[in-house]
Amino acid sequence: MSDIFQQLSGVQRDAVQTTEGPVMVLAGAGSGKTRVITYRIANLIESRNAAPHQILALTFTNKAANEMRQRVEQLLYQGSTRGLWIGTFHSVFARILRNYIHLIGYTSNFSIYDSDDSKSLIRQVMKDLGISTDSVAPNTVQSLISRAKNDFVLPAQFHRDAADYNRGKAAKVYEVYTQRLKENNALDFDDLLLKPLELFREVPAVLEQLQEYFRYILIDEYQDTNKAQYLVAKQLCARHRNIFVVGDDAQSIYSWRGADISNILNFTDDYPDAKVFKLLENYRSTRTILRAANGVISRNSRQIRKDLVSNKGDGEPLSLLESFNEKREADKVGEMIRSLKLSQQREYRDFAIFYRTNAQSRVLEDILRMHRIPYRIFGSISFYKRKEIKDAIAYLRFIQNDQDTESLLRIINFPPRKIGDKSIQQLTEYSRVRGTSLYEAIKVAESGGFQARLLNALGAFSDLVEKLKLVALEGSVYDVLNSLYEETGLLRLLKEENTAESLARHENLQELLSMAREFSDHHQGANGLCEFMNDIALASDREAAEETDNYVSLMTVHAAKGLEFPVVFITGLEERLFPLNCFENEELEEERRLFYVAVTRAREKLFLSWSKSRYLYGQPQACIRSMFIDEIDSDIIENEGGSTLSESRVPRQMSNGRPCVPQVPPGPTKRPAGPQDGLKKGVRVQHAMFGPGVVRRVQGSGSSRKVVITFRNSGDKTLMVEYANLKIMP
DNA sequence: AGAAATCCTCTCCGG
DNA sequence: GAGGATTTCT
């Protein structure tokens, strides 16, 4: 181990060796953050300061957790991390809750709802409360509730604070939604962070036990923690006070899910005796790439100023790719990968292609396939979000937890078994009257005076469920899933349908089965199904068995955090895409941090790519190139002709009739608020010809955005926002 | 009851 | 250009 320390810089070594007391490491991009965490864990284990199970390491992605565990094993020996608590906040606390949740009125076989499940439950609740989805969008309600949970605001408090119409409605929904979750014995993602706090408050003995148990706590990406995570960590470390956090304020990109930068900024207020280390030396990127990164991030006003220093050479300039449309863009990227592979003897694994939104991956995928370039998409439309997989999982969930009415509703008539909406309504009513779960009601439906035909169908269904429950009791996850397919005919039906789509679904179900088999081979134990469901609910991406590990990586910029690649393409660098529509300066600053993250992933070569037109919502849209491109010194960017931008400066592309600013003044760039930004239903406007009116609806976006307006004097008109030159009246 | 067709909205990032 | 809700057809 002492030899291993030789591989660390002085500051890194100090951070690793300061094992006792609170420590914060401010780690710039590429400064060896992961290295510090893994060495620290290895050191704690090796020096016998702590047994692996006394160490709790929290990350934000499963990928990061797996990687860290592997690296510690490499540093020490195979099996050295046995017992080590390492994982995402969500997965670690799901595990802990399985042990203790009975103390706060749930049972340990609780279901975990993903955001789609929770959205449909919210819809349901809104319906029951008679809140029209026209007056408040379920999405809005969902995000308000989620945000409240992340901020550790419970329904009663939320209700008191509800200041506007939306919040007032959301408060009601929040209350009933919470109740329904409990009736279903289910937790949503946010509950995985919230319930531990409730548990600690209501049963302090559990907290004390865990405080004693976890002697060392490490948290990665601390700048992305929200209030609930902050509180959990703070409480858990209160006994031993060995809390070690690593983060970088410049890479904070999750404020939309409640991440609070002040957690990292105020760390030393909570722990005045904390040791703080700063890692500013970058071991990853060329000096040119860092110059670009520093130049961009320095335009943000809210930040801890720090310039990263490279210990590498200048390297190549950045390259700008300009394309006619997104297909051509993908083509250029493909061609470039081809040519660099030949001219520089690169491997496919050296390349990564980033994009702002998942929707952009499709074109890239198609084109790479045409070019016969092997690729892998990370965290795309998850395997687990596919309909057939969700159906199978709903069955598994329900077998495990028959209070889970959401799952029950999903499977009760799938595959079709003659239990239609009407019947379900009646049964629901029946269960309400009896004060039982829906499934209880189904089991005693004989005494409910239902039609014989329905009773038959219900009997067959509950027989099926009970049979599968028995299998679950005795057998492995694999056995359960196997008999599930067998008994329901899920696989058979898809095969018989024999369309390309149904066969693909068939294959997905087979894939799930082989995952279950693999899981069953490794986990022999009574709680197999629970653990399998845990893994599945919290996995963002499936770890597919790879035939080869030599492929181009495709992912969103968010997914790229923490990773690095020799050659990086950032695509879709257009206004309103990257940066995405943002109306406030704070949002723009977050987009800029996101861009900073993207830039700093590159080790040797960075391509910036934008397209003059792109399909959005099914229609081609003219695009303006991203302001971020202009925030980089033009003399380190080369265009396709080989000259730098500063040499070949020509008036910028005009599109949308909006002239582009050729050179951006230094200092924070402000986004001009478009004249059409405040347009929405109910807003009063003034038109040069038609006079005053009220917006009825807004449709489309970008340059095809239209509004329907009722004018006082001329009635309803549909106008193109772009040309209408509307004035918004107060 | 259930499949098929149609209309509609909403459109980011993820555990 | 997908998913949900709603309507229409068998």
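Just so it is clear: chains get the letters A, B, ... in the order the sequence lines come, proteins before strands, and each one is counted from 1. Everything quoted here is computed from the prediction, not taken from an experiment.
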Mind checking [X] for me? I need base, sugar-phosphate or nothing, with any heavy atom below 4.0 Å counting as a touch.
{"X": "A:Thr61", "value": "sugar-phosphate"}
{"X": "A:Tyr254", "value": "sugar-phosphate"}
{"X": "A:Tyr615", "value": "nothing"}

Are [X] and [Y] linked by a side-chain donor-acceptor pair shorter than 3.5 Å?
{"X": "A:Thr140", "Y": "A:Asn166", "result": "no"}
{"X": "A:Glu406", "Y": "A:Asn184", "result": "no"}
{"X": "A:Glu329", "Y": "A:Ser609", "result": "yes"}

Polar atoms only, N or O, under 3.5 Å: list the protein pairs with nucleotides 2-6 of chain B and their distances.
from	atom 1	to	atom 2	distance (Å)
B:dG2	OP1	A:Lys418	N	2.7
B:dG2	OP2	A:Asn413	ND2	2.7

In whole angstrom, give the distance that lies between atom [atom1] of [X] and atom [atom2] of [N].
{"X": "A:Ile253", "N": "B:dG15", "atom1": "CD1", "atom2": "P", "value": "11 Å"}
{"X": "A:Lys119", "N": "B:dC12", "atom1": "NZ", "atom2": "P", "value": "9 Å"}
{"X": "A:Arg356", "N": "B:dT11", "atom1": "CZ", "atom2": "C1'", "value": "13 Å"}
{"X": "A:Ile536", "N": "B:dG14", "atom1": "CD1", "atom2": "C1'", "value": "18 Å"}
{"X": "A:Ile424", "N": "B:dA1", "atom1": "CD1", "atom2": "P", "value": "9 Å"}
{"X": "A:His558", "N": "B:dG14", "atom1": "NE2", "atom2": "P", "value": "7 Å"}
{"X": "A:Asn139", "N": "B:dC8", "atom1": "CG", "atom2": "P", "value": "19 Å"}
{"X": "A:Lys390", "N": "C:dG3", "atom1": "NZ", "atom2": "C1'", "value": "12 Å"}

Looking only at side-chain N and O atoms, does [X] come under 4.0 Å of OP1 or OP2 in [N]?
{"X": "A:Asn358", "N": "B:dC13", "result": "yes"}
{"X": "A:Arg576", "N": "B:dT11", "result": "no"}
{"X": "A:Arg123", "N": "C:dA5", "result": "yes"}
{"X": "A:Thr556", "N": "B:dG14", "result": "yes"}

Nearest listed nucleotide, side chain of [X], among [options]:
{"X": "A:Thr88", "options": "B:dC13, B:dC10, B:dG15", "answer": "B:dG15"}
{"X": "A:Ala559", "options": "B:dC13, B:dG14, B:dC10", "answer": "B:dG14"}
{"X": "A:Lys422", "options": "B:dG14, B:dA1, B:dC10", "answer": "B:dA1"}
{"X": "A:Trp256", "options": "B:dG14, B:dA1, B:dG15", "answer": "B:dG14"}
{"X": "A:Thr357", "options": "B:dC12, C:dA2, B:dT11", "answer": "B:dC12"}

Does A:Arg376 count as lying over the ring of A:Phe378, i.e. NZ or CZ under 6.0 Å from the six-ring centre, within 45 degrees of the axis?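 Yes - A:Arg376 lies over the ring of A:Phe378, closer than 6.0 Å to its centre and within 45° of its axis.
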
When you measure only distances, ignoring hydrogens and angles, does the side chain of A:Asp190 come within 3.5 Å of the base of B:dG15 through a donor and an acceptor?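 Present.
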
Counterpart residues, ring pair (Phe, Tyr, Trp, His ring centres under 6.0 Å), relative to A:His558 (two or more places apart):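 Here the qualifying residues are A:Tyr254, A:Trp256.
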
Nearest heavy atom decides the nucleotide; on that basis, is A:Ser146 or A:Ser423 closer to the 5' end of DNA chain B?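 First, find each residue's nearest nucleotide; the 5'-ward one identifies A:Ser423.
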
Both A:Arg453 and A:Glu591 contact DNA chain B. Taking the nearest nucleotide for each, which residue is further toward the 5' end?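 First, find each residue's nearest nucleotide; the 5'-ward one identifies A:Arg453.
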
For A:Ile112, does its backbone N or O pair with a side-chain atom of A:Arg397 as donor and acceptor, under 3.5 Å?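 Yes: the side chain of A:Arg397 pairs with the backbone of A:Ile112.
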
Give a yes or no on whether the ring-centroid distance for A:Tyr222 and A:Tyr230 is below 6.0 angstrom.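 So the answer is no for these two rings.
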
Validation: residues 412-421 of chain A side-chain donor-acceptor distances under 3.5 Å, sequence neighbours left out:
from	atom 1	to	atom 2	distance (Å)
A:Asn413	OD1	A:Arg417	N	2.8
A:Asn413	OD1	A:Lys418	N	3.3
A:Asn413	OD1	A:Ile419	N	3.2
A:Asn413	ND2	A:Ile419	O	3.1
A:Arg417	NH1	A:Tyr395	OH	3.4
A:Arg417	NH1	A:Ile411	O	2.7
A:Arg417	NH1	A:Ile412	O	2.9
A:Arg417	NH2	A:Tyr395	OH	2.9

